[in-house]
*Asks:* 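One structure coming up, written as structure tokens, with questions to follow.
Just so it is clear: chains get the letters A, B, ... in the order the sequence lines come, proteins before strands, and each one is counted from 1.
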Protein chains: 2
Amino acid sequence: MKKKATIYDIAKELKITAATVSRALNNNPKISEKTRKLVLETATKLNYKQNRLALALKSGKSKNVGVVVPFINKNFFASVIRGIEDELYPKGFHVIISQTHEDKDREKKIIQNLINAQVDGILLSTSFTNSNKEELRKELKKSIPFIFFDRVLKYENISTITINDYKGGFDATEHLIKQGCKRIAHFSVNQDIILYKNRFNGYKDALKKHGLPFKNEYVIYLKSDMEAGKEAAKKLMKLPVPPDAIFSSTDNGILGAVKYLQSKSIKIPEDFCVIGFSNEPFTQFLEPAISSVDQSPVEMGKMAAQVFLEQIENDQTIMVQKDVILPTTLIVRKSSSKLK
Amino acid sequence: MKKKATIYDIAKELKITAATVSRALNNNPKISEKTRKLVLETATKLNYKQNRLALALKSGKSKNVGVVVPFINKNFFASVIRGIEDELYPKGFHVIISQTHEDKDREKKIIQNLINAQVDGILLSTSFTNSNKEELRKELKKSIPFIFFDRVLKYENISTITINDYKGGFDATEHLIKQGCKRIAHFSVNQDIILYKNRFNGYKDALKKHGLPFKNEYVIYLKSDMEAGKEAAKKLMKLPVPPDAIFSSTDNGILGAVKYLQSKSIKIPEDFCVIGFSNEPFTQFLEPAISSVDQSPVEMGKMAAQVFLEQIENDQTIMVQKDVILPTTLIVRKSSSKLK
DNA sequence: TTGTAGGCGTTATCAA
DNA sequence: TTGATAACGCCTACAA
């Protein structure tokens, strides 16, 4: 358990000074080949490793970025992080992850902690609702780039990466209409999170475009889990005029609905069409396979990382806001394929 | 984009010295109430944040830990990381994640990078095979704790967290036998990864215990994906005497097998029983729901974190090796429920 | 080409 | 109770 070697150890060994060692290690041109070679040899001999902490303190750049998500063990977020890490690792950045547990206070604390740790930027998908927007603003008035992805809040000078939730909702709904569905219900979630509102608006506008009436009783707000989906489907099917299709803003919700409908021997897609959102892995394995809207989460992560890198590079200039909207892809599977 | 405040800024503001400010901020008893209050007020006024980097350099403790996995967007690893972060965050640690992409060279480099970044410990699930054991040893001879989880290599003084893969394999196989299956096949993976070998051995011993013959042609080595599972099942069913059950070391493998069997109108579980390993979320949603062996990945992460914390605390004493073996849980679902 | 010296932000030791 | 100073490991003017 011996102490780690420093440039001073190398210097002492060679009877030169630490500055020279530093230069040799950093390929500084102003140094003789002999010394460079000698230093390099001694470095490996002593098993020297550069202390990134010292460098970070000196340079003011930690080469760490913070990524903040509600939970990491959710396929969507894990995939975004995959994209971020894939993109940032080759540039020498380390990715620090933190989970908010959907807790506002925890989120705030996490952001402060990351700032204290001198991360070079923070990429986050918020648990905050708009009501907390003002409170969060203070934290964001820092000298590092913040980038929101997926669950975003709009602030001046803060970049965002989202998917086109509106179009995703619109396309999914229009697809159901084109399959001949006439009474399309919608599962939504907390409207404080803007992306759910956007999907909802896409749904409404698709109905309008095709002359279908919007009915309040066909819209249900539920948590994103299977049990809630079952309950919601049950409620819908008890209506005097039940729907003949559901567009759900979450795959978990539609999963519950499918299970409920199957338990009532309602045939999908013949009698009832469904489509979810997120294209979770399980949707393709079910029988029937469930149509869904793909969000390409890995791409989202890469894009967030790229925007971050851009902002880092232009640090001389003004921090420029950039709002990237990624396209969605409608994945049509059996659950909504009524027509041949 | 103003510069961050330091304790010197506070000191200057109050016409005292930085040392005093430091003491006030750290609740050092040797300080007057007045000064403490004044410092605290000025700190918030100037929006002072402690620079963890400087502290880390000074103390030699970065309060960061590295977590190394093949890919983060795989449910199992994401869940382990969830457990790790949940456990470590309250203790003030940040979790840095890196992905090896199953690439040995990349893994080695990642470990070096993390050490350079002065992490206080590294928790990893390796991509190395035993053939690379010696090469990796050098990296591990450092002054920080290393902890292997799930995919482990055994070294002296390095702790490991695994599940009881042997018993998981044994229980799964025995369960199939008790359901009346007589010709049980096995899907395995790369035998260089010890956990697959252990599951395999559990399978063999269960057969032996119940007097069933072990047949080499019933064992197939495949990659963990659906397509490979389909192929493997096809191969098995073309045998002169095809099996009547499969115990697979991966859920993805068994998923492919189920799809193939269903395409051939073979009834599960009536005519054929299957059981997987890992209890991936999708297994419970399929029709039929697939039996599997649960590995409680979140628990594994928590345990890995706890072992790390123990080793950090005892840093005065010898680093003591600890091999934790977590229990598996057999999850019986329809796919292997032949008996009523 | 190499050495000297200062500083990044903290804390700890010793003096006052 | 407070101040002065050194140290953590590295880099970079500036000087030699």
Side-chain angles (χ1 to χ4, degrees), chain A residues 2-40 42-43 46-64 92 115-120 142-144, chain B residues 2-40 42-43 46-64 92 113 115-120 143-144:
Chain A
K2 47 197 176 286
K3 280 189 64 179
K4 290 166 188 163
T6 73
I7 52 173
Y8 282 92
D9 298 320
I10 299 177
K12 199 183 294 174
E13 184 92 0
L14 295 174
K15 299 196 191 310
I16 56 178
T17 170
T20 310
V21 175
S22 172
R23 281 186 276 256
L25 258 19
N26 290 292
N27 289 321
N28 189 312
K30 298 180 166 299
I31 199 159
S32 77
E33 260 319 307
K34 294 177 231 168
T35 1
R36 184 198 310 286
K37 230 182 122 183
L38 233 44
V39 167
L40 259 29
T42 319
L46 297 183
N47 194 23
Y48 167 80
K49 309 265 166 158
Q50 186 188 53
N51 185 329
R52 281 180 54 157
L53 240 42
L55 183 56
L57 181 60
K58 175 85 173 116
S59 68
K61 310 255 162 249
S62 67
K63 288 290 215 165
N64 288 152
I115 291 173
N116 294 3
Q118 310 299 116
V119 292
D120 294 340
K142 307 300 183 223
S143 48
I144 57 167
Chain B
K2 47 195 174 292
K3 281 189 60 182
K4 290 167 189 165
T6 74
I7 53 173
Y8 280 93
D9 298 319
I10 299 177
K12 198 184 293 174
E13 184 93 0
L14 295 175
K15 300 195 191 311
I16 57 178
T17 171
T20 309
V21 175
S22 173
R23 281 187 277 257
L25 257 20
N26 290 292
N27 289 319
N28 189 312
K30 297 182 166 300
I31 198 161
S32 77
E33 259 319 306
K34 292 177 232 169
T35 4
R36 182 197 313 285
K37 230 181 121 181
L38 233 45
V39 168
L40 260 27
T42 318
L46 297 183
N47 194 24
Y48 167 80
K49 309 265 167 161
Q50 186 189 51
N51 185 330
R52 281 180 54 158
L53 240 42
L55 182 56
L57 180 60
K58 178 86 172 108
S59 68
K61 311 252 160 250
S62 67
K63 287 290 214 166
N64 287 152
N113 278 150
I115 291 173
N116 294 3
Q118 311 298 117
V119 293
D120 294 340
S143 49
I144 57 166

*Asks:* Please report, rounded to the nearest Å, how far the C1' atom of C:dT1 is from the CG atom of A:L38.
*Replies:* 14 Å
*Asks:* Send over the distance from B:R52 CZ to C:dT10 P, rounded to a whole Å.
*Replies:* 13 Å
*Asks:* Out of the candidates A:T20, A:V21, A:T42, A:T35, only one should pair with A:L14 under the side-chain contact (heavy atoms from CB on, under 4.5 Å) rule; please name it.
*Replies:* A:T42
*Asks:* Within the pair A:S22 and D:dC11, is there a side-chain N or O less than 4.0 Å away from OP1 or OP2?
*Replies:* yes
*Asks:* Heavy atoms only, 4.0 Å cut-off, all strands: where does A:T17 land among base, sugar-phosphate and nothing?
*Replies:* base
*Asks:* Quick check: on DNA chain D, is the nucleotide nearest A:A5 upstream (toward 5') of the one nearest B:A18, or the reverse? Name the residue that is more 5'.
*Replies:* B:A18
*Asks:* C:dT2, OP1 or OP2 - any side-chain N/O from A:S32 closer than 4.0 Å?
*Replies:*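 Yes, such a contact exists.
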*Asks:* What integer distance in Å separates B:K61:NZ from C:dT11:P?
*Replies:* 16 Å
*Asks:* Quick one: is A:N26 getting a side-chain N or O under 4.0 Å of the D:dC11 phosphate, OP1 or OP2?
*Replies:*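 Yes, within the criterion.
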*Asks:* Distance criterion of 3.5 Å, no angle test: do you see the side chain of B:K58 paired donor-to-acceptor with the base of C:dT11?
*Replies:*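 When only heavy-atom distances are counted, B:K58 does reach the base of C:dT11 through a donor-acceptor pair under 3.5 Å.
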*Asks:* Please give, in whole Å, the distance from C:dG3 C1' to A:K30 NZ?
*Replies:*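 These atoms are roughly 15 Å apart.
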*Asks:* Whole angstroms only, please: what is the NZ-P distance between A:K12 and D:dG9?
*Replies:*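 To the nearest whole Å, that distance equals 12 Å.
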*Asks:* Tell me whether the OP1 or OP2 atom of C:dT11 has a side-chain N or O from B:Y8 closer than 4.0 Å.
*Replies:*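 For C:dT11, neither OP1 nor OP2 has a side-chain N or O of B:Y8 closer than 4.0 Å.
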*Asks:* What is the nucleic acid contact for B:T35, judged by heavy atoms within less than 4.0 Å: base, sugar-phosphate only, or nothing?
*Replies:* sugar-phosphate
*Asks:* Please state how far atom CG in B:L25 lies from atom P in C:dG9, giving the value in whole angstrom units.
*Replies:*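 Going from CG in B:L25 over to P in C:dG9 covers 15 Å.
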*Asks:* Could you check how far CG of B:L55 sits from P of D:dG9, rounded to whole Å?
*Replies:*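 Spelled out: CG on B:L55 to P on D:dG9 is 14 Å.
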*Asks:* So, is A:Q118 close to the C:dG9 phosphate, meaning a side-chain N or O under 4.0 Å from OP1 or OP2?
*Replies:*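 No, A:Q118 has no side-chain N/O under 4.0 Å of OP1/OP2 on C:dG9.
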*Asks:* How about B:D9 and B:Y48: do any of their side-chain heavy atoms sit closer than 4.5 Å?
*Replies:*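 B:D9 does not reach B:Y48 side chain to side chain.
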*Asks:* Hey, does B:I7 reach any base, or is it just sugar-phosphate, or nothing, if we go heavy atoms under 4.0 Å?
*Replies:* base
*Asks:* So does B:R23 reach the base of D:dG3 with its side chain, donor to acceptor, closer than 3.5 Å?
*Replies:*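 Between D:dG3 and B:R23, which were checked side chain against base, a qualifying N/O pair under 3.5 Å is present.
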*Asks:* What's the closest nucleotide to the side chain of B:A19 if the choices are D:dC8, C:dT10, D:dT5?
*Replies:*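 Nearest to the side chain of B:A19 among the choices is D:dT5.
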*Asks:* Measuring only between side-chain heavy atoms, which start at C-beta, is A:Q118 closer than 4.5 Å to B:N51?
*Replies:*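 Yes - at least one pair of side-chain heavy atoms lies under 4.5 Å apart.
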*Asks:* Which heavy atom in B:Q50 sits nearest to a heavy atom in B:N26, and how many Å separate them?
*Replies:*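 Shortest heavy-atom contact: NE2-OD1, 4.5 Å.
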*Asks:* Measuring only between side-chain heavy atoms, which start at C-beta, is B:L25 closer than 4.5 Å to B:V39?
*Replies:* yes
*Asks:* Measure from the side-chain heavy atoms of B:I31 and tell me the nearest of C:dT10, D:dT2, D:dC10.
*Replies:*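 Closest of the options to the side chain of B:I31: D:dT2.
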*Asks:* Could you tell me how far apart B:L57 (CG) and C:dC8 (P) are, to the nearest whole angstrom?
*Replies:*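 After rounding, the gap between these two atoms is 14 Å.
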*Asks:* Provide the closest heavy-atom pair for A:S22 versus A:I7 in the form atom of the first, atom of the second, distance.
*Replies:*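 Scanning both residues completely, I find the closest heavy atoms to be CB-CD1, 4.4 Å.
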*Asks:* Quick one: label A:L53 by what it contacts on the DNA or RNA (base, sugar-phosphate, nothing), any heavy atom closer than 4.0 Å.
*Replies:* nothing
